Structure formats: structure tokens, C-alpha cells
2 protein chains.
Amino acid sequence: MRRNKVSIRDIARECNVSVATVSRVLNNSDAVKEDTRILVQNVIDKYNYRPNELARGLYTQRTKTIGVIMPEVTSHFFAKVFIEIEKSATEYEQTVFLCNTLSDNKLQDFYTLRLSEKQVDGLILLGGRVNETKTDVQYVNLLKNNFYPTPVVIINGKLENYYDNCASVSSDEHEAMFQAVSYLTSLGHKKIGFLGGQRGIMSTDIKLKALDEAKSVFDFTMKDEWIKLSTYNYQGGVQSILELLKEKELPTAIIAINDEAAAGIVNTCISKGYSVPGDFSVLGFDDSSISTITMPSITTISHPYEKLGSLSVEFLNNMIDEKPMKDVTNISLKMNFVERGSCGKITEAAL
Amino acid sequence: MRRNKVSIRDIARECNVSVATVSRVLNNSDAVKEDTRILVQNVIDKYNYRPNELARGLYTQRTKTIGVIMPEVTSHFFAKVFIEIEKSATEYEQTVFLCNTLSDNKLQDFYTLRLSEKQVDGLILLGGRVNETKTDVQYVNLLKNNFYPTPVVIINGKLENYYDNCASVSSDEHEAMFQAVSYLTSLGHKKIGFLGGQRGIMSTDIKLKALDEAKSVFDFTMKDEWIKLSTYNYQGGVQSILELLKEKELPTAIIAINDEAAAGIVNTCISKGYSVPGDFSVLGFDDSSISTITMPSITTISHPYEKLGSLSVEFLNNMIDEKPMKDVTNISLKMNFVERGSCGKITEAAL
DNA sequence: GCAAAAAATGTAACGCGTTACATCCTATTT
DNA sequence: AAATAGGATGTAACGCGTTACATTTTTTGC
């Protein structure tokens, strides 16, 4: 077996003090005589000794570790949120386990159990399909039976009423959708389509619901044939716009599930000879890096990434420390409109 | 303090057996009478008991955890490699800590110590600038003093001769550069420029060196003024092409440090009224998702992502298990040419 | 039916920090 | 100089699996 690192007992022996004293020096706790402190610290430095976090965690019941479960970091949205989570976690002196489920429920279960065994102090769930569908019920049960009472924060999802020790942080996609419609109608668009995404996933369901509700507030139509769902990526955008273009009557504005899909839509329109925004205004979501790459660049609605990350870590830590949450356990944050080139005033041509 | 989870002793008590027996059931080790096994397993299931990995790791000196340190997951290349690392790690029953340094050396040091305290079984270093520069020497010393003897694998970097317990897995960017030049010269290009990247980082240094060496094999020129370095992203591509366009004489083919930069180059050329590949052939690297989004799409040279991930995890585990490495501790993998639309035969116009 | 071998199970130490409690030492008070 | 308070340090239990070794139970062989 590999040689062991030096332990607190080794340090204590060399200093002729007890392990308790070394521990006190390590944690700046209680009183240690200055002479002793310096003596011990010197030996610690001499050996580059650092306490074993496993042993520490075993006793303190706190690992200073949190888990993050998401579908895929290769998606720009998730990667960006992750970076913010990590930044905040570092402020709380926490390290994060990142688990990519690749949208596989089995893998999600597996990682959840794994994280529980690793004694994470808390879990952040991202992009999950936690609502009323069947697999969700199953996952919620797994959480209840095998993860409770470890706290969980869900980002852009719903877990309240299902798991006791939880909180949520969301982008207000409902309000964002109203912003979107308000903007598009102000440009003169009266026919709006929706492309990409998938029912059963929060960010699609919410947007569609909002779009429907917006009908009673704004003057526009949205026919069922103008909704083509598929996936959350570029290819999904391509597929759904190709589907849409088969219709006899077409909308003049298109809201895409996200910027990746919007990019697929923009490029496909252009290569089919349409003009964007001349023939179609295309609006994306997320402010992904891709949105500045297409020509025209994509007008989009961005998530409050930094807040999304920092608040979820803050909420999680409040629960970990069992601090009162001031009744706010579910928060919804405003999304930000980013105007670029893919939307424009309705033109003669489009009518 | 939060209530403790059920422990192996609780299970043992309820079963009227010793903890050793429960442990044996958990690990399928030694012989346990079938009756006992079933009895114990039932109680384990009843309580959804799962052993505490901290305690296990404390004794076995193995945490089944590895660390990955990289600049940023928001970069597509790193995210893709990470996904592959995670897949392979899962096969080895390992969980991974992901640390993003945001290219900050301090943060890199910090995370390295953190991972050491967490007793990771091994570390994979990605995109680091480990070679002869000053900060590297400092980092290597940190590894030696505070991380050794935990094994380290570096992807697309060099650590041999600096750290004892290490291995490396690389994309053969040198050979890839020869492929690139061979391809471009075969299309008739005799003037090749190089844009993006940064000296001191392996993937830039190697490419420039290879480009230089290729001069004696292929018939082309590469003037110093045609090399404009900046960063690894879209903006870097934009900046460097704008710099290049100020030159009196211009190359007809451009090799970009990666696809993000290539995208910036392609789009900038187009918006300046040039044609790609009519006026400039642009070749990228990495096969990032962005390369299929620009118009034209970007001809690129891809990394063997899956191998990069799986071999680094395999090497790491060989070192963890102290298996002989058959003398292969540094491996270089062939990159793959992906022909798309951004390169073409040299035209009259470009001459 | 008994001895010996084999199988099953138990005991207790171990890995390594942390901390409640005990003990010892120094300084202050009278 | 003795008593006391308070500061400094030590002792040992604890958290929870694992495993070497010891002990008990069962099986095998004759």
C-alpha cells in the first residue's frame, strides 16, 4: 500500500505536544500559547502537513462538499451556471462534485446515491425534469428514501411539496415570455411561432403556458401548427424550422427555446433564401456564446447566471446550517433582454 | 446537529450479528451463510442503508474520487473532454471533482491543495501551461511538495521529468499541423498565416513549431507578420484577423488556433466583404459545436475526445493501483481531419 | 461418535481529526 | 505564602467502515 501521508499524530510527536494542541493550531480554536503555536506551525510547514478531510468530515458530519447534477456541461447554459455555482461554493469553502446525467434517468439515480454515500452536505439539481411526470415521481421517491435529510436546491425546476428540505431558484421565464411577446408585437408582429424544446421539461412547459396566457394581453395569434417541438440544440432548431416551413401559412416571428436552436433556425432560414429579420424575426433564450456568432446575431433573453449560482449556493448553505430562510425558499429572478440583430420591424415582404 | 444516518452498527444490532458480518455482506467478501446474507440484506434494504464513503475511505486509503483541474468548462473543448473523463471514471466507480481555475494560477494552487486534503486518488490536469515558464515551475513545486505521491495525468501538456508519479495523454497536434499544411498546399495555397492562441501554452507552441518545421517539407511561406496571437476564443479570432488585414501582403490560407477563433475569423472576413473560402481558406481545430454553425461551416481537425478521456482515466488508475505501465506513460493520439466548407482550392481572386 | 478441517462469525484495532472533560501550570489576590 | 481563577495542554472517546486474527459452529472423514 502507498505510504501514508503524515498525520496529526506525527506532527504532535515531533512537537512533543498532544494531538489536541495541533488540532487547535490548525483550527485557530481555543487558546494556544504563542510559543507553542509557532512551534507547531513550523513543523506543520516543514512537512507541508494538511489535515485529512475525510477524518475531519467523519467526525464533524460535514464534508464541505456539494453535488451538482445536470444533464450535460457541454451545453453552454449549464456550463455557465456551473461556473457561478463553483465560484460561490468556493466562498463557502466548498468543493463540488459535478455529475452529468446525459439525460439518462438511471444515471441520475446512480449519481444521486453516489453523492449520498460521499456524504455531500447538499445537492443542486439543474435542468431536471422534476414535475409531475412518472419518472419524476420515481426520482422524488429516491430522494426522499435515500437522500433525505440532506438539503437540495433545484434551479429552474419544482421540488417543493415533494421534498422537505428543499429550495428553488428560478429564472422567471414566464415573465420573460411576456417581455418577448411585448417586444415582438411592438415591432408589428401579429403571428408568432414557437420552435424547439420538449414538453415535460420545465423551461418548455412554462414558456408555452406563458405564450398562451399572453394571448389575452397582447394582440397576436399563435396557431398550433406554429409550435414545433424537438430538442434543445442547434439540430433541434434546424429540424423544427424545416417542419414549420412546410406549413401553408407562416408566422412572421419565431421564438426559439434557446439560442442554440435559434442559431439553427437563423442559419436554415438564410440558406433557404429567407432573410432574418426581413422575413422572420427570431428570438432566442439564454444568451449563449452562439448568439453572437450567427449572422445576424441573435436577440435573446438572458438568465441571471450569477444570481442563479450564488443564490442557489446561499440557499443550500442556509439549509445546511439550518438557518431560518425567512420564508423565502423559492425565488424567481428576472431575465434580461439582450437586443441584437435577429429581430426587426415587420416588413412588407413578410406580410 | 442533524440526525445521523443509520450506520453499520445499527444494521448489525437489528440483525443480531457483528458489524464484520454486515461489512462482508456489503462487500460480497469472504463467506457469509446464505441465510445470514439474506437477513442482513433485508435490513439494509429496509433502511436504505448505504455505507459512509468517508469512513470507508479513511481506512482503505482510497476515496474512489479523482480531481480534474481545467481553465473553464464553458470552453467546448474542455467540456467535451470532461464528459469523456466522467464516463470513464464512472466505469472505475470513481466520482469526479471538477475545478475551474479561470486561468488564475492562484486558484489552480488553491484547488490543488483542496483536492489533496480531500484525499483524491488521482488528478487529471487539463489545458494547463505546464512547461518551462516561471509559474509552471512554481506549480510543479507545489505538486511535488503538497501532492506527491498522488498520481497525476496531464492532457495535452508536459509533466514528465518534473513529477515522478505522472503520465500524459496528448493529441498529436504536431502531426495534425502537418496534415493541415499538406491539405492546404494540396489545394494550391502557398501563403499560410496563423491566428489566435498564446505563446507559453502547449497547444500554441506545438502548432507554431510544427508549422515552422513543415516549411522544409512543403512548399509554402509563412511570414512572421502572418502570425497574430491573442486568445483562444471567438473574440481572439476577430482581433487577430483584424490585425492581419492591416498587412500589405496577405496569406491565402489561415490556420486558426481553434474553431472558436476560426469562427471569429470567418465571420469577420465575410462582414468585411471577403469570401471564405474564396479569398481566404480558414482551417480550425477541435471540432467544436461552433464549427457547424458558421456559414460556411469550418473545416477542422478534431481531437480524439473519447480516447483522451478514457486513456487518461485508465493511466491514472494504473498508477493508483500501482500496475506496471508497460513503459507507456506518455501517449500521443492521432487527430482527425474533418472536411467542411471553409477551405477551398486557391482561386484567381486570391492570387 | 469423535477428531480434524472448513466455514461462519465475532472481537477489536485501525485510519485520523475533533472536542468534552480533566489536569496541570501560571498569575493574581489577599 | 496560600488560595483561587484562568489559561494551556493533555486524555480519550467518537465518527464509521474494514480487516487481521480469534473463536465458534458446522461439516467431513473414518
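A, B, ... follow the sequence lines: proteins, then strands. Residue 1 opens every chain. Since we're looking at a predicted model, the values are computed, not measured.
A straight line from CG of Asp10(A) to C1' of dG17(C) spans 13 Å, rounded to a whole angstrom. Rounded to a whole Å, the CG atom of Asp35(A) is 14 Å from the C1' atom of dC25(C). Atom NZ of Lys33(B) is separated from atom C1' of dA6(C) by 14 Å (rounded to the nearest Å). Distance Leu26(B) CG to dT19(D) C1': 14 Å, rounded to the nearest Å. If you take CZ of Arg62(A) and C1' of dT18(C), they are 14 Å apart, rounded to a whole angstrom. Rounding to whole angstrom units, CG of residue Asn28(A) and P of dT19(C) are separated by 13 Å. Rounded to a whole Å, the NZ atom of Lys5(B) is 10 Å from the P atom of dG17(D). One atom, CZ of Arg37(B), and another, C1' of dA7(C), lie 16 Å apart when rounded to the nearest Å.
The two residues Tyr139(A) and Thr112(A) make their nearest non-hydrogen contact at OH-OG1, 2.8 Å. When every heavy atom of Phe97(A) is checked against every heavy atom of Lys118(A), the shortest pair comes out as CZ-CD, 3.8 Å. Contact detail for Gly127(A) and Phe78(A): the closest heavy-atom pair is CA-CE2, 3.8 Å.
Thr21(A) has a side-chain polar atom (N or O) that falls below the 4.0 Å cut-off from OP1 or OP2 of dG10(D). Contact annotation: Ser23(B) side-chain N/O to dT18(D) OP1/OP2 distance is under 4.0 Å. Between Asn27(B) and dT18(D) there is a side-chain N or O to OP1 or OP2 distance below 4.0 Å. The side chain of Thr36(A) contributes an N or O atom lying less than 4.0 Å from OP1 or OP2 of dT9(D). Of the side-chain N and O atoms in Gln61(A), one or more sit less than 4.0 angstrom from OP1 or OP2 of dC16(D).
Both Ala31(A) and Val19(A) sit near DNA chain D, but only Ala31(A) has its closest nucleotide nearer the 5' end. Nearest-nucleotide assignment on DNA chain D puts the 5′-proximal partner with Arg24(A), out of Arg24(A) and Arg9(A). Residues Leu54(B) and Val32(B) each lie close to DNA chain C; by heavy-atom proximity, the contact nearer the 5' end of the strand is made by Val32(B).
At the heavy-atom level, Ser29(B) lies nowhere under 4.0 Å from the strands shown. The residue Val22(A) sits apart from the nucleic acid: no heavy atom pair falls under 4.0 Å. Within 4.0 Å of Asn16(A), counting heavy atoms only, lie sugar-phosphate atoms of the nucleic acid but no base atom.
Side-chain atoms of Ser310(A) come within 3.5 Å of backbone N or O of Glu306(A) as a donor-acceptor pair. Under the 3.5 Å distance criterion, the side-chain polar atoms of Thr60(A) are matched with a main-chain donor or acceptor of Arg56(A). Judged by distance alone, with hydrogens and angles left aside, the side-chain atoms of Asp121(B) form no donor-acceptor pair with the main-chain N or O of Ile66(B) at under 3.5 Å.
In this model, no side-chain donor or acceptor of Arg56(B) finds a partner on the base of dG15(C) within 3.5 Å.
Looking at the side chain of Tyr59(B), the nearest of the listed nucleotides dA8(C), dT19(D), dC14(D) is dT19(D). Relative to the side chain of Leu58(B), the nucleotides dT18(C), dC16(C), dA20(C) differ in distance, and dC16(C) lies closest. Nearest to the side-chain atoms of Ala55(A) among the listed nucleotides dC16(C), dT9(D), dA8(C) stands dC16(C). Closest to the side chain of Ala20(B), out of dT11(C), dG17(D), dG17(C), is dT11(C).
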Can you list the steps and then say if Gln138(A) with Asn105(A) is a side-chain hydrogen bond (donor to acceptor under 3.5 Å, both in side chains)? CA-CA 10 Å; Gln138(A) 201 187 308; Asn105(A) 289 321; over 6 Å; no

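Note on the helix from dG1(C)-dC30(D) to dT30(C)-dA1(D): terminal axis deviation equals 40°, with five pairs used at each end and the result rounded to 10°.
Classification of the Tyr148(B)-Tyr163(B) ring pair by plane angle, with boundaries at 30° and 60°, yields perpendicular.
Comment: Asp109(B) does not engage Lys106(B) in a salt bridge, judged by the lack of any side-chain N to carboxylate O separation of less than 4.0 angstrom.
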